[in-house]
Number of protein chains: 2
Amino acid sequence: MATPTEENYLKALLALTDAEGKASVSGLGQALGVSTPSVTSMVRKLHERGLVEYARYQPLRLTPAGRKAAALVVRKHRLTEMFLVDMMGFGWEEVHNIAEQVEHVDSPSFFARMDKLMGHPKFDPHGSPIPDTEGSIHDLDHRRLDECAVGETVTISGLNHSSNDFLHYLNDRDLSLHTELTVVAREAYDGSLTVSYVGHPREVLSQVVASKLLVG
Amino acid sequence: MATPTEENYLKALLALTDAEGKASVSGLGQALGVSTPSVTSMVRKLHERGLVEYARYQPLRLTPAGRKAAALVVRKHRLTEMFLVDMMGFGWEEVHNIAEQVEHVDSPSFFARMDKLMGHPKFDPHGSPIPDTEGSIHDLDHRRLDECAVGETVTISGLNHSSNDFLHYLNDRDLSLHTELTVVAREAYDGSLTVSYVGHPREVLSQVVASKLLVG
DNA sequence: GATAAAAGTTAGATTAGGCTAACTTTATTG
DNA sequence: CAATAAAGTTAGCCTAATCTAACTTTTATC
Ligand SMILES: [Mn+2]
Ligand SMILES: [Mn+2]
Ligand SMILES: [Mn+2]
Ligand SMILES: [Mn+2]
């Protein structure tokens with residue numbers, strides 16, 4: 001039904017509208033690395049298909065059908081990432097680019113089989129929720145590590161953004177999903193946290209890093 | 001480097017030139033379901049890239065570089081099919097269409113991982129050889145079942161063509177790769193064979209079927 | 001060997017997706 | 001609230017891949 005390009009637009013639009021409910025043409029263009037005229041023209045096509053709310057000079061929104069279509073692409077992406085990590089032995093920093101391609105495979109049985117083999121996982125390797133087959137997204141409520149109090153012991157349950165650099169930073173410090181850590185101290189000046197966890201009695205994380213670690 | 005379309009052209013050209021060494025524009029068009037003008041224009045592009053030997057009104061051939069590129073696509077296709085069957089539990093009749101898409105994923109590590117997880121298989125689920133990482137194809141020498149003598153016991157080692165209908169025909173009769181069967185009789189009139197194998201003491205195969213079963 | 005058929009090419013159009021440059025509308029701000 | 005800045009749209013062009021219709025070359029046939 002949808003081309004890979006359309007799927008990528010929908011997915012980016014879902015990510016952008018997730019916070020605000022709406023997105024700008026330029027924001028979507030930036031997210032996808034295309035010019036604003038390209039966005040305008042594609043967004044109109046998706047509007048004709050009933051997937052995007054669009055009016056000239058107005059912010060973009062997904063329709064319910066668009067939201068569902070987008071979530072099902074995200075489902076394919078995250079199932080793939082989880083499969084690559086859990087069943088094929090890839091590191092969590094290696095899987096995004098492969099999933100970015102595999103997500104466009106048109107074969108319900110392919111993804112259903114992945115899902116079944118993994119026992120219907122609820123989260124991807126970065127802690128993001130895998131939408132269900134209806135396109136509903138059930139997330140955990142996590143807090144940001146930088147908002148935790150000194151003395152608290154929490155478990156990493158997700159990442160706010162998962163760039164390659166950030167994932168390598170975490171790998172270098174043996175930090176991963178499910179790592180249990182205790183907040184030992186907070187530096188008042190720059191908000192950096194000292195944390196401790198298995199094998200790492202004292203590790204300092206900047207506020208920038210701590211704000212990208214979700215715990216719960 | 002190559003687009004999915006280019007990869008499909010190269011793959012089809014390798015299949016067509018495999019027997020004769022050369023292929024016609026119309027044959028390639030038919031294999032791909034596109035018109036002859038489309039073939040002419042794509043084949044010229046591949047010629048510019050140094051992958052196809054092309055001269056107006058002359059038969060098409062792959063250059064050594066084109067042959068290698070095509071074989072590497074076939075490698076991705078067949079590794080994928082084997083992975084789908086061996087690691088994901090699909091039937092051999094379900095995997096071709098999925099592999100037709102997955103073969104275009106651009107990620108050497110993805111296919112290297114499949115290969116490793118399966119222990120470097122040499123043949124796909126239909127008995128076709130998986131080209132090596134250099135693009136060399138090492139096939140077994142098989143004979144066609146319809147050329148076997150009455151009384152011979154042989155093992156199915158490949159299929160000449162593997163259409164969905166044919167694979168379902170074989171499934172219905174519990175015939176698959178590695179099935180050992182004995183030629184019990186040959187009907188002189190139409191060349192049909194009576195064979196026997198585990199669970200099937202007498203099964204009649206038409207000459208058409210027998211000619212598509214490779215044994216060795 | 002002339003003629004008809006088949007195969008291949010050329011020409012011109014289409015659709016998907018993308019771009020830059022110019023223009024218009026909305027938002028900001030002095 | 002007028003002037004500027006920012007955002008968005010329009011116009012026009014591009015490349016990849018496809019098509020049909022018309023034409024040319026090659027092959028087959030009498
Ligand atoms: Mn991802
Ligand atoms: Mn993608
Ligand atoms: Mn196949
Ligand atoms: Mn393909």
Side-chain angles (χ1 to χ4, degrees), chain A residues 1-14 16-17 19-62 66 69-70 73 100-101 103-106, chain B residues 1-14 16-17 19-62 66 69-70 73 100-101 103-106:
Chain A
M1 189 86 263
T3 65
T5 305
E6 287 170 345
E7 291 194 331
N8 285 336
Y9 270 86
L10 289 171
K11 197 157 59 85
L13 207 36
L14 179 63
L16 287 173
T17 55
E20 287 286 328
K22 56 193 181 173
S24 66
V25 169
S26 50
L28 184 51
Q30 201 151 7
L32 289 166
V34 301
S35 68
T36 52
S38 298
V39 172
T40 298
S41 102
M42 176 58 83
V43 126
R44 280 185 165 150
K45 195 205 301 188
L46 296 172
H47 173 65
E48 317 254 285
R49 283 211 215 285
L51 301 173
V52 169
E53 277 182 43
Y54 173 76
R56 280 191 335 307
Y57 298 107
Q58 292 309 119
L60 308 172
R61 293 168 190 281
L62 286 166
V73 180
E100 201 57 52
Q101 299 178 66
E103 70 188 357
H104 304 297
V105 169
D106 179 18
Chain B
M1 191 83 264
T3 66
T5 304
E6 287 169 345
E7 290 193 332
N8 285 337
Y9 271 85
L10 288 171
K11 198 156 58 82
L13 208 36
L14 179 62
L16 285 174
T17 54
E20 286 286 326
K22 58 192 180 173
S24 65
V25 169
S26 50
L28 183 51
Q30 200 151 5
L32 290 166
V34 301
S35 67
T36 51
S38 298
V39 172
T40 299
S41 104
M42 176 59 81
V43 125
R44 280 184 165 150
K45 195 205 301 188
L46 296 172
H47 174 65
E48 317 254 285
R49 283 212 215 286
L51 301 173
V52 169
E53 277 182 44
Y54 174 75
R56 279 191 336 308
Y57 298 105
Q58 292 310 116
L60 309 172
R61 293 167 189 282
L62 286 166
V73 180
E100 201 57 52
Q101 299 177 65
E103 70 187 357
H104 305 297
V105 168
D106 178 18

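None of these values were measured; they are calculated from a predicted model. Chain letters run A, B, ... following the sequence lines, proteins first, then strands; residues in each count from 1.
Between A:Leu13 and A:Leu60 the shortest side-chain heavy-atom distance falls below 4.5 Å.
Shown here are the side-chain hydrogen bond (donor to acceptor under 3.5 Å, both in side chains) partners of B:Glu7, two or more places apart in sequence or in another chain: B:Lys76, B:His104. Checked against side chain to side chain contact (heavy atoms under 4.5 Å, CB included), B:Leu32 has the following partners two or more places apart in sequence or in another chain: B:Asn8, B:Tyr9, B:Ala12, B:Leu28, B:Val34. With sequence neighbours excluded, no residue satisfies side-chain hydrogen bond (donor to acceptor under 3.5 Å, both in side chains) with B:Thr40. Under the rule for a side-chain hydrogen bond (donor to acceptor under 3.5 Å, both in side chains), the partners of A:Ser35 that lie at least two apart in sequence or sit in another chain are A:Ser38. Applying the side chain to side chain contact (heavy atoms under 4.5 Å, CB included) test to A:Ser24 and every residue at least two apart in sequence or in another chain returns A:Ser26.
Rounding to the nearest 0.5 Å places CD of A:Gln30 at 10.0 Å from CG of A:Leu16. To the nearest 0.5 angstrom, A:Glu20 atom CD is 9.5 Å from A:Arg61 atom CZ.
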Acceptor/donor pairs from residues 49-59 of chain A side chains to any protein atom, 3.5 angstrom cut, sequence neighbours excluded:
from    : atom 1 : to     : atom 2 : distance (Å)
A:Arg49 : NE     : A:Glu6 : OE2    : 3.3
A:Arg49 : NH2    : A:Glu6 : OE1    : 3.4
A:Arg49 : NH2    : A:Glu6 : OE2    : 2.5

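Nucleotide C:dA7 holds its P atom 14 Å from the CG atom of B:Leu60, rounded to whole Å. Distance CZ (A:Arg44) to P (D:dA11): 10 Å, rounded to an integer number of Å. Taking atom CZ on A:Arg49 and atom P on C:dT15, their separation rounds to 14 Å, with Å as the unit.
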Protein-nucleotides 22-27 of chain D N/O pairs under 3.5 Å:
from   : atom 1 : to      : atom 2 : distance (Å)
D:dT25 : O4'    : B:Tyr57 : OH     : 3.4

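Remark: A:Thr3, A:Thr5, A:Tyr9 in residues 3-11 of chain A come within less than 4.0 Å of DNA chain C through at least one heavy atom. For the segment residues 27-41 of chain A, the set of residues with a heavy atom within less than 4.0 Å of an atom of DNA chain C comprises A:Gly33, A:Val34, A:Ser35, A:Pro37, A:Ser38, in numerical order.
For the residue pair B:Leu10 and B:Gly66, the shortest heavy atom distance occurs at CD2-O, 4.3 Å.
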